[in-house]
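Below is one structure, written out as structure tokens, with a few remarks after it.
Labels below follow one simple rule: chain letters A, B, ... track the order of the sequence lines, proteins then strands, and each chain is numbered from 1.
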Protein chains: 2
Amino acid sequence: MSTGVANKKAIDSLKALAEPIRLEIIESLSSGEKCVCDLMQETGLAQSKISFHLKVLKDAGVITDRQSGRWVYYQLDIRTLKSLQNWIKKLRKGCLNEASTCK
Amino acid sequence: MSTGVANKKAIDSLKALAEPIRLEIIESLSSGEKCVCDLMQETGLAQSKISFHLKVLKDAGVITDRQSGRWVYYQLDIRTLKSLQNWIKKLRKGCLNEASTCK
DNA sequence: AGTATATATCAAGAATTATTGATATATCAA
DNA sequence: TTGATATATCAATAATTCTTGATATATACT
């Protein structure tokens with residue numbers, strides 16, 4: 001019952017979040033959508049680097065994008081964050097029974 | 001205000017969780033503490049491999065250990081899971097204001 | 001059409017992380 | 001003390017992920 005599809009998705013989102021640049025991007029997006037150019041300005045990082053990390057985040061389902069003219073705007077997909085949160089909550093629930101010995 | 005100590009800790013726990021073997025270990029521990037030998041049996045993996053991943057988890061604060069004779073028992077530290085959960089919740093909160101455009 | 005801008009992608013190298021088999025340490029049991 | 005068992009650690013290699021600079025693509029403007 002352990003390594004199912006749900007865990008695969010959880011691992012993808014965890015891995016996507018677990019990197020400083022991507023986390024910086026995520027936190028920036030939590031105040032609203034941004035284009036790559038915005039993120040370049042905010043972070044001072046090279047364009048290809050930002051695009052690389054945006055792709056990782058998008059592939060993991062943590063963000064979505066929409067194109068508008070020459071610009072591509074990225075935004076958080078809070079549904080993924082929500083399900084990640086639930087996944088952690090479930091983990092913790094296993095610790096609540098009498099037999100368990102979690103800290 | 002972004003890459004502070006809190007984020008450093010969040011990244012450490014996220015990174016520790018974001019790996020299939022470690023996740024399997026974590027899920028096993030959520031039903032109670034286990035020694036390395038238990039985990040070897042459950043997973044069928046080599047001892048040095050298990051110890052390696054346990055160290056990653058322990059360094060990240062996701063698990064703790066206690067020694068009893070020749071055995072070392074590992075258990076989940078739900079305090080870390082709890083604060084990870086809060087950290088995600090906080091991220092999502094940024095999406096709730098009027099200006100925000102998260103999915 | 002020609003030029004400029006925004007972003008994506010690619011290939012090569014650098015850096016990080018994981019695996020493996022071997023060895024070390026510590027505890028217990030005879 | 002000797003031998004066995006449980007776990008940790010180490011060195012070498014393998015695998016994965018990240019960075020960089022260059023190039024490609026698509027849109028818009030003149």
- Please report, rounded to the nearest Å, how far the P atom of D:dT16 is from the CZ atom of A:Phe52. 14 Å

- In whole angstroms, how far is the P atom of C:dA26 from the CD atom of B:Gln47? 16 Å

- Query: Does OP1 or OP2 of D:dT17 have a side-chain N or O of A:Lys15 closer than 4.0 Å?
  - Reply: yes

- Any side-chain heavy-atom pair from B:Leu81 and A:Arg92 closer than 4.5 angstrom? yes

- Message: Assuming nearest nucleotide by heavy-atom distance, tell me which of A:Ala18 and A:Gly69 is located more 5' along DNA chain D.
- Response: A:Ala18

- Task: Starting at atom NZ of B:Lys49, determine the distance to atom C1' of C:dT19, rounded to an integer number of angstrom.
- Result: 6 Å

- Item | Pair assignment for C:dA11, Watson-Crick or G-U wobble, requiring both distances under 3.5 Å | D:dT20

- Task: State the pairing partner of C:dA30; accept Watson-Crick or G-U wobble contacts with both distances under 3.5 Å, and report none otherwise.
- Result: D:dT1

- Minimum side-chain heavy-atom gap A:Glu24-A:Thr43 below 4.5 Å: yes

- Please check the phosphate of C:dA4 (OP1 and OP2 only) for any side-chain N or O of A:Arg70 closer than 4.0 Å. no

- Message: Salt bridge or not between B:Lys15 and A:Glu19? Use side-chain N to carboxylate O under 4.0 Å.
- Response: no

- Residue met sooner reading DNA chain C from 5', once B:Ser68 and A:Lys55 are mapped to nucleotides: A:Lys55

- When we call it a touch if two heavy atoms are under 4.0 Å apart, what does B:Lys58 touch: a base, just sugar-phosphate, or nothing? nothing

- Query: Roughly how many Å is it from CG in A:Leu45 to C1' in C:dA6, rounded to a whole number?
  - Reply: 17 Å

- Mind checking B:Leu54 for me? I need base, sugar-phosphate or nothing, with any heavy atom below 4.0 Å counting as a touch. nothing

- Message: Please classify the nucleic acid contact of A:Tyr74 as base, sugar-phosphate, or nothing, using heavy-atom distances under 4.0 Å.
- Response: sugar-phosphate

- Message: Heavy atoms from C-beta onward define the side chain here; which of C:dA18, D:dA8, D:dT9 lies closest to that of B:Ser48?
- Response: D:dT9

- Message: In this structure, how many angstroms lie between the P atom of C:dA8 and the CD1 atom of A:Ile50, rounded?
- Response: 11 Å

- Task: Write down the distance between CZ (B:Arg66) and C1' (C:dT27), rounded to a whole number of angstrom.
- Result: 15 Å

- Query: Should we say atom CD of A:Gln41 is surrounded by more than 12 heavy atoms from elsewhere, each under 6.0 Å from it?
  - Reply: no

- Report the residue (B:His53 or A:Ser51) whose heavy-atom-nearest nucleotide on DNA chain C is the more 5′ of the two. A:Ser51

- Taking the side chain as C-beta and beyond, is there a heavy-atom pair between B:Leu91 and A:Glu27 under 4.5 Å? yes

- Query: Tell me: CG of B:Asp65 to P of D:dA6, nearest whole Å?
  - Reply: 17 Å

- Task: To the nearest Å, give me how far apart CD (A:Glu19) and P (D:dC18) are.
- Result: 6 Å

- Query: Where the side chain of B:Gln67 is defined as all heavy atoms beyond and including C-beta, which of C:dT7, C:dT27, D:dC18 is the nearest nucleotide?
  - Reply: C:dT27

